[in-house]
Amino acid sequence: SQHTPPEQMKDKSQEPKVRPANGHVVIENVYKSFGDVRVLEGVSLDIKPGEVAAILGPSGSGKSTLLRTVNHLENIDAGRITIDGKMVGYEQRGDKLYELHEKEILRRRTNVGMVFQQFNLFPHLRVLDNVMEAQVSALKRSTAEAKAKARELLKRVGLEDKELAFPRQLSGGQQQRVAIARTLALDPAVVLFDEPTSALDPELVGEVLDVIRDLASQGVTMLVVTHEMGFARDVADTVIFMSDGLVVEQGPPREVFSAPKHGRTRAFLGSVL
Ligand code: ADP
Ligand code: MG
């Protein structure tokens, strides 16, 4: 489904894109199983700084697991993931890989934001405090600096008048916009979105996609798992189609959507378009 008027989308896509120096995500031959369940079976991807990658594919194909490996919410069984040349979750000593200490994992994770389907705001904190919290606890910013940054971002997502509200007083779309502001407050080079609009009532999807669309032109690298095909077609630089733990097709949206090469991509697009 498509919720944004076409003329609005056209304007955004014609804006020149900022190409930042960092946010280069390289995934090399990554394998991951849960017990006997093989979830990632040798995934390789190279997402350039500032690129927006839309990840599509049927339920159970490994999309969420892949995103979670990129900020080391899941460890990997084999392969390698780097962001700007730095390994995610591990370090090499001699010819062996060691998992990083929790503290270093948390430190590096501030560079990789994640936005979840269920928003995951702190229910007991007001909107402003939700956006300030990790700035102070993880980045050691002063309260004044964190507050200024939080206000700037709440304004950017159109919620400057909601800073004293609690999450339960907001609509799902507003909560997700707060969650996006909270993520951006840490100045991540990469933001991972896992079906950010799937929990929303249809009439609230558009306002969240508009915020993500706006970010796409700001030079943050984004990996977006989504079922919003119109959004993927208009905003993504590259579309990645996953099936059974593998990337079966990747390319510019106009190619993947108009001439999918793989039978499984054709079948999937046929079922959702
Ligand atoms: P998608 O996001 O594409 O729907 P997921 O990455 O969530 O796919 O899941 C891929 C497969 O991995 C599914 O079969 C799922 O049941 C399994 N899986 C995911 N997380 C876990 C886990 N923590 N423990 C066991 N199995 C899991
Ligand atoms: Mg998923």
Side-chain angles (χ1 to χ4, degrees), residues 1-18 50-57 59 63-64 67 113-121 127 130-131 150-163 165-185 188 191-241 252-254 256-258 268-269 271-273:
S1 54
Q2 185 51 258
H3 304 271
T4 308
E7 38 306 334
Q8 209 172 323
M9 296 184 320
K10 212 164 154 205
D11 288 344
K12 279 293 173 201
S13 64
Q14 284 169 357
E15 279 173 17
K17 204 161 157 152
V18 182
E51 255 185 7
V52 179
I55 304 174
L56 318 178
S59 175
K63 304 180 301 293
S64 293
L67 279 197
M114 185 144 181
V115 175
F116 301 89
Q117 191 175 325
Q118 295 296 343
F119 332 133
N120 296 2
L121 295 174
V127 163
N130 260 283
V131 184
R151 286 190 164 142
E152 171 200 321
L153 284 163
L154 287 170
K155 189 166 180 206
R156 185 150 140 207
V157 302
L159 293 172
E160 64 269 51
D161 58 338
K162 297 290 184 196
E163 63 178 49
F166 285 98
R168 65 173 181 278
Q169 298 170 314
L170 302 180
S171 72
Q174 290 171 330
Q175 289 186 58
Q176 190 62 299
R177 284 146 66 198
V178 174
I180 292 169
R182 180 179 62 174
T183 298
L184 295 177
V191 180
L192 312 171
F193 292 89
D194 195 357
E195 300 196 31
T197 62
S198 294
L200 299 176
D201 292 334
E203 71 273 18
L204 303 178
V205 168
E207 67 190 59
V208 172
L209 292 182
D210 285 346
V211 166
I212 300 173
R213 196 188 303 276
D214 175 53
L215 287 183
S217 60
Q218 305 289 310
V220 182
T221 305
M222 312 203 303
L223 277 64
V224 189
V225 173
T226 185
H227 295 294
E228 296 288 336
M229 295 302 141
F231 173 82
R233 184 164 31 200
D234 297 323
V235 179
D237 300 299
T238 183
V239 171
I240 290 156
F241 180 71
R254 63 182 176 281
V256 174
F257 284 112
S258 63
F268 179 76
L269 291 176
S271 71
V272 294
L273 286 181

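Of all heavy-atom pairs between A236 and P253, the closest is O-CG, 3.2 Å. Summarising the geometry of T226 relative to M229, their closest heavy-atom pair is O-CE, 4.3 Å, with the distance given to 0.1 Å. Nearest heavy atoms, A179 versus V115: O-CG2, 4.5 Å. Considering every non-hydrogen atom in both G50 and D237, the closest pair reads O-OD2, 4.1 Å. When every heavy atom of P188 is checked against every heavy atom of V220, the shortest pair comes out as O-CG1, 4.0 Å. Of all non-hydrogen atoms in N130 and P167, the two that sit nearest each other are ND2-CG, 3.9 Å.
Between the CD atom of E207 and the CG atom of L200 there is a distance of 7.5 Å, given to the nearest 0.5 Å. Taking CG of L67 as the start and CD of E195 as the end, the distance is 9.5 Å to the nearest 0.5 Å. Going from atom CD of E228 over to atom CZ of R233 covers 11.5 Å, rounded to the nearest 0.5 Å. Atom CG of L209 and atom CG of L204 lie 11.0 Å apart (nearest 0.5 Å).
The side-chain heavy atoms of V235 and I212, taken from C-beta on, include no pair separated by under 4.5 Å. Looking at heavy atoms from C-beta onward, F193 lies in side-chain contact with L215 at the 4.5 angstrom threshold. Proximity of L223 to I240: side-chain heavy atoms (C-beta onward) are nowhere separated by under 4.5 Å. No side-chain heavy atom of F241 sits less than 4.5 Å from a side-chain heavy atom of L269. Between R213 and D234, some side-chain heavy-atom pair lies under the 4.5 Å cut-off. Contact of the Q174 side chain with the Q169 side chain is not registered, since no non-hydrogen atoms from C-beta on lie closer than 4.5 Å. At least one side-chain heavy atom of F257 sits under 4.5 Å from a side-chain heavy atom of L56.
Although no hydrogens or angles enter the test, the distance criterion places no donor-acceptor pair under 3.5 Å between the side chain of D194 and the main chain of Q117. Looking at K63, its side chain does come within 3.5 Å of a backbone N or O of G57 through a donor-acceptor pair. Remark: side-chain polar atoms of Q176 are paired, donor with acceptor, to backbone N or O of F116 under 3.5 angstrom.
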Open item on the list: Set out, in order, the CA-CA distance, both residues' side-chain angles and the distance that settles side chain to side chain contact (heavy atoms under 4.5 Å, CB included) for V205 and F231, then state yes or no.
Closed with: CA-CA 11 Å; V205 168; F231 173 82; over 6 Å; no
TODO: List the steps and the verdict of side chain to side chain contact (heavy atoms under 4.5 Å, CB included) for N120 and R182.
DONE: CA-CA 11 Å; N120 296 2; R182 180 179 62 174; 4.3 Å; yes
When the side chains of residues 152-159 are checked against the rest of the protein, which donor-acceptor pairs come out under 3.5 Å, sequence neighbours left out?
none

